[in-house]
Participant: 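The structure that follows is given in the form of structure tokens.
Lettering follows sequence order; numbering is per chain, from 1. No experiment lies behind these values; they were computed from the predicted model shown.
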Protein chains: 2
Amino acid sequence: MGVAERKEREKEELREQILTAAKSLFLKKGVEKTSIRNIADLIEYSPGSIYHYFKDKDEIFYALHQGGFQQLMAKMVVINDLPHPLERLKAMGRIYVHFALENPDMYDLMFIKEAPLDHVARTKALEWNEGEATFKFLRSTLRECMEQGYFQGQEEEALSFLIWSTVHGMVSLSIRRRCEVVLADRQDTIVKDGLNAFFNILDRL
Amino acid sequence: MGVAERKEREKEELREQILTAAKSLFLKKGVEKTSIRNIADLIEYSPGSIYHYFKDKDEIFYALHQGGFQQLMAKMVVINDLPHPLERLKAMGRIYVHFALENPDMYDLMFIKEAPLDHVARTKALEWNEGEATFKFLRSTLRECMEQGYFQGQEEEALSFLIWSTVHGMVSLSIRRRCEVVLADRQDTIVKDGLNAFFNILDRL
DNA sequence: TTTTGTAATTAAACACTGTTCATTTATATT
DNA sequence: AATATAAATGAACAGTGTTTAATTACAAAA
């Protein structure tokens with residue numbers, strides 16, 4: 001009959017429209033300051049319509065959050081052809097930091113805001129799958145490094161967490177504008193400098 | 001005459017009452033979900049009254065934020081009697097992490113939330129004095145370490161930032177509940193383990 | 001072509017929010 | 001007791017997320 005298919009397609013299109021509008025508003029004004037009515041205005045539908053496509057505001061937020069991980073992961077996979085695991089680890093760090101600074105609001109959404117995990121808690125999933133995949137990627141790269149003799153005397157899980165924390169710490173301080181405490185002439189480059197200092201340490205380990 | 005003084009005192013008392021009520025609600029329900037009316041209800045005053053004591057909700061938030069730094073700094077100064085600078089540095093790290101995990105909502109307020117800096121931006125101060133004092137403390141401790149020969153080949157500002165980022169990264173991932181990606185049996189201890197792994201690295205540097 | 005059934009959309013309503021402000025209340029001084 | 005002043009109030013404004021009864025659009029059946 002084909003009609004059902006077209007309807008399905010149209011429904012999917014509107015869902016996508018909502019997501020696109022929400023994303024542009026979230027990234028422009030912030031999640032908190034974007035109202036359902038703002039989104040509705042932008043797509044020229046009534047506020048109520050949005051609730052036929054998403055349970056609540058958090059569900060919109062969470063859908064975008066998932067998209068962010070796909071983006072990040074897509075950028076990560078290109079390092080697979082680097083043969084040296086330590087080089088791969090450092091490349092991961094650079095990609096992570098670069099992604100965070102290029103897409104601060106999306107990063108915020110993914111790793112800083114509390115909403116997505118509230119959503120995870122309120123639905124049924126006890127797991128944060130998107131984040132887990134990213135962490136697994138780090139852990140396996142680190143394991144390869146250790147198999148080749150790097151980081152002796154260290155333990156895989158703790159070191160994985162430590163490395164993640166370090167890059168997350170730098171970018172999240174930057175994104176949430178706590179870097180104003182470093183010397184004025186260093187503020188623009190402090191994340192880059194910090195990352196290089198970190199790599200320097202990793203090399204000597 | 002004494003009357004003005006008593007009035008002044010009473011005014012100060014109510015201000016303090018507002019702050020106490022706001023703090024307990026902020027820490028219990030979160031800043032976003034605490035309304036001025038909630039605070040007013042708790043102290044049994046009308047919502048309008050609060051605006052005689054604070055310009056807006058952010059000003060209440062900012063006042064508490066300052067209190068948090070005083071708390072943290074008070075805990076920090078006790079390390080001054082440790083003669084060895086590297087021991088002092090590590091003690092700072094432990095105190096910082098301990099404070100963050102003991103007072104997650106206050107830490108959130110101080111280092112994660114964006115509001116206080118919005119406040120700083122909107123008033124006149126271009127500086128985040130509370131944070132700056134804490135960072136200076138770290139930097140001077142680190143300098144002493146370097147003067148005694150530690151961390152050779154590293155640069156003071158970048159390394160200060162890196163160290164701060166590392167501890168901030170660990171606690172903020174923990175507070176914002178991103179630690180669920182680490183192995184299930186390690187989740188309870190991962191921040192402690194990560195910190196020890198970090199100290200281990202610092203020792204070898 | 002008209003009727004029917006269903007899915008999509010809407011406007012209105014509810015209970016909130018931060019904030020402002022004219023009015024009322026309380027109280028110290030004259 | 002009257003006055004001046006500072007403090008507290010409650011109503012109002014314009015917004016919020018969300019729910020729901022009513023309406024509209026439209027493909028399928030008669």
Participant: Angle between ring planes, B:Y96 versus B:F111, binned at 30° and 60°: parallel, tilted or perpendicular?
Facilitator: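 B:Y96 vs B:F111 ring planes: tilted.
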Participant: Give a yes or no on whether the backbone of B:P104 and the side-chain of B:D108 come within a donor-acceptor separation of less than 3.5 Å.
Facilitator: no
Participant: Counting heavy atoms from C-beta on, name the nucleotide in D:dT16, C:dT10, C:dT19 closest to the side chain of B:K57.
Facilitator: C:dT19
Participant: Kindly point out which of C:dA8, D:dA12, D:dT16 is positioned nearest to the side chain of A:K11?
Facilitator: C:dA8
Participant: Mind checking if A:S35 touches a base, just sugar-phosphate, or nothing, with heavy atoms under 4.0 Å?
Facilitator: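 Sugar-phosphate, no base atom in range.
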Participant: Taking for each residue the nucleotide of DNA chain D bearing the nearest heavy atom, is the 5' side occupied by B:G48 or by A:H52?
Facilitator: B:G48
Participant: Going by the side-chain contact (heavy atoms from CB on, under 4.5 Å) test, name the single residue among B:H65, B:M73, B:Q66 that passes it with B:F69.
Facilitator: B:H65
Participant: Taking only side-chain nitrogens and oxygens of A:S49, does any of them come within less than 4.0 Å of OP1 or OP2 of C:dT10?
Facilitator: yes
Participant: Flag the pair B:F198 / A:F161 as yes when their ring centroid distance falls below 6.0 Å, and as no otherwise.
Facilitator: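 Centroid separation for B:F198 and A:F161: 6.0 Å or greater.
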Participant: Return the value, rounded to whole Å, for the distance between atom CD1 of A:I50 and atom P of C:dA11.
Facilitator: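 Going from CD1 in A:I50 over to P in C:dA11 covers 13 Å.
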Participant: Looking at A:Y53, does any N or O in its side chain come under 4.0 Å of the phosphate oxygens OP1/OP2 on C:dT9?
Facilitator: yes
Participant: Under 4.0 Å: is that the gap between some side-chain N or O of B:N38 and OP1 or OP2 of C:dT17?
Facilitator: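 Yes, such a contact exists.
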